[in-house]
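Notes follow the structure.
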Amino acid sequence: MTAAAVRSKMGLEPHFLVVMGVSGTGKTTIATGLATRLGWHFQEGDALHPPANVEKMSTGQPLTDADRAPWLALCHDWLRAQVEAGHGAVLTCSALKRVYREQLRANGLPIEFVHIDTSAAELAARLERREGHFMPASLLPSQLATLEAPGDDEPVIRVSGEKHPDVVLEELIRHFQTEG
Ligand SMILES: Nc1ncnc2c1ncn2[C@@H]1O[C@H](COP(=O)(O)OP(=O)(O)OP(=O)(O)O)[C@@H](O)[C@H]1O
Ligand SMILES: O=C(O)[C@H](O)[C@@H](O)[C@H](O)[C@H](O)CO
């Protein structure tokens, strides 16, 4: 049973967003900004990875489909709980392949993806600069090779990861305010 929809701080209907894209594209930056501005629940998808996945990535090994399966299941469970509560929510999750996105949307969840697209050169520069994060810059090529950008038949809002995050946030909030 789904609870009555809880409107956001700005009076918006709840949305259930997965902010997606490769490592370093700005998922956490944009998702925390949205959740703060709109009062929606936030979950860092990286925090749902089994420790073995984090260990693998930290040591420069890309994850396999089998590695990602239990993590995607936890991401799905979190999204499902938000939908059932009727409270707007934002999850960060790379969601690199179409089948992963299908797994997140299973059981008819009304998920929308926000795909942040950033050039390989900008991503490489950011990951080289970033400190205190388990994901090494050396995994960027495999992230880019694994990415299947969402198609027009998927529920996706596309934004540029190269604009200032405040600009992207304004664009997204305007999008939600003006939609039918
Ligand atoms: N639009 C932007 N312009 C410039 N720098 C940005 C932008 N968005 C994020 N950054 C910076 O890029 C780095 C990566 O951002 P962030 O951690 O949000 O990405 P992410 O997609 O969540 O990464 P990961 O998946 O590896 O956790 C951070 O140092 C962040 O401050
Ligand atoms: O699917 C994957 O390979 C992983 O989710 C990675 O994308 C990282 O968790 C994330 O980007 C943190 O840097």
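Everything numeric in this text was worked out from a predicted model, so none of it was measured. The chain is numbered in sequence order, starting from 1.
Partner Cys75 forms a side chain to side chain contact (heavy atoms under 4.5 Å, CB included) with one of Val18, Leu104, Ile111 and no other, that one being Leu104. In summary, of the residues considered (His15, His87, His41), a side chain to side chain donor-acceptor pair (under 3.5 Å) with Gln82 occurs for His41 alone.
Note that NE2 of His115 and CD1 of Ile157 are 13.0 Å apart. Values are rounded to the nearest 0.5 Å. One finds the CG atom of Leu34 at 11.5 Å from the OG1 atom of Thr29 (value rounded to the nearest 0.5 Å). Taking CG of Leu38 as the start and CG of Leu17 as the end, the distance is 8.5 Å to the nearest 0.5 Å. A distance of 10.5 Å separates CG of Asn53 from CD of Glu55, quoted to the nearest 0.5 Å. Rounded to the nearest 0.5 angstrom, Thr92 OG1 and Met20 CE are separated by 12.0 Å. The CZ atom of Phe134 sits 5.5 Å away from the NE2 atom of His49 when rounded to the nearest 0.5 Å.
Of all non-hydrogen atoms in Cys93 and Leu72, the two that sit nearest each other are SG-CD2, 4.0 Å. Here the closest non-hydrogen pair linking Ala31 and Val90 is CB-CG1, 3.6 Å.
Glu154 places no side-chain N or O within donor-acceptor distance of the main-chain N or O of Val156, the cut-off being under 3.5 Å. Here the side chain of Lys27 pairs no donor or acceptor atom with the backbone of Ser94 at under 3.5 angstrom. Listed for the Trp71 side chain is a donor-acceptor partner under 3.5 Å among the backbone atoms of Gly45. Side chain of Glu170 to main chain of Val167: no donor-acceptor pair is present (N/O by atom type, distance under 3.5 Å, no hydrogens or angles). Asp77 places no side-chain N or O within 3.5 Å of a backbone atom of Leu74 that could act as its donor or acceptor partner.
Scanning for salt bridge (charged side-chain N to carboxylate O under 4.0 Å, His left out) contacts around Arg158 gives Asp152, with sequence neighbours left out. Looking at residues two or more places apart in sequence or on another chain, you find a salt bridge (charged side-chain N to carboxylate O under 4.0 Å, His left out) between Arg80 and Glu84. The salt bridge (charged side-chain N to carboxylate O under 4.0 Å, His left out) search around Arg68 returns none, not counting sequence neighbours.
Contact annotation: the side chain of Leu123 approaches that of Leu144 to within less than 4.5 Å [non-hydrogen atoms, C-beta and beyond]. Residues Asp65 and Tyr100 are in side-chain contact: their nearest non-hydrogen atoms beyond the backbone lie under 4.5 Å apart.
Applying the salt bridge (charged side-chain N to carboxylate O under 4.0 Å, His left out) definition to pairs two or more places apart or across chains, those involving residues 126-146 are Glu122-Arg126. Evaluation of the side-chain hydrogen bond (donor to acceptor under 3.5 Å, both in side chains) test over residues 136-148, restricted to residues two or more places apart or in two chains, returns none.
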Query raised in the report: When you look at Leu139 and Lys56, which way does the side-chain contact (heavy atoms from CB on, under 4.5 Å) test go after all the steps?
Result: CA-CA 11 Å; Leu139 280 180; Lys56 218 173 162 180; over 6 Å; no

Query raised in the report: Does the pair Leu96 and Val22 meet the rule for a side-chain contact (heavy atoms from CB on, under 4.5 Å), with working shown?
Result: CA-CA 7 Å; Leu96 298 177; Val22 297; 3.9 Å; yes

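Side-chain contact annotation: Glu162 with Ser160, donor-acceptor N/O pair under 3.5 Å absent.
Other residues sharing a hydrophobic cluster with Phe42 under the 4.5 Å side-chain heavy-atom criterion for ILVMFWY residues do not exist; the residue is a singleton.
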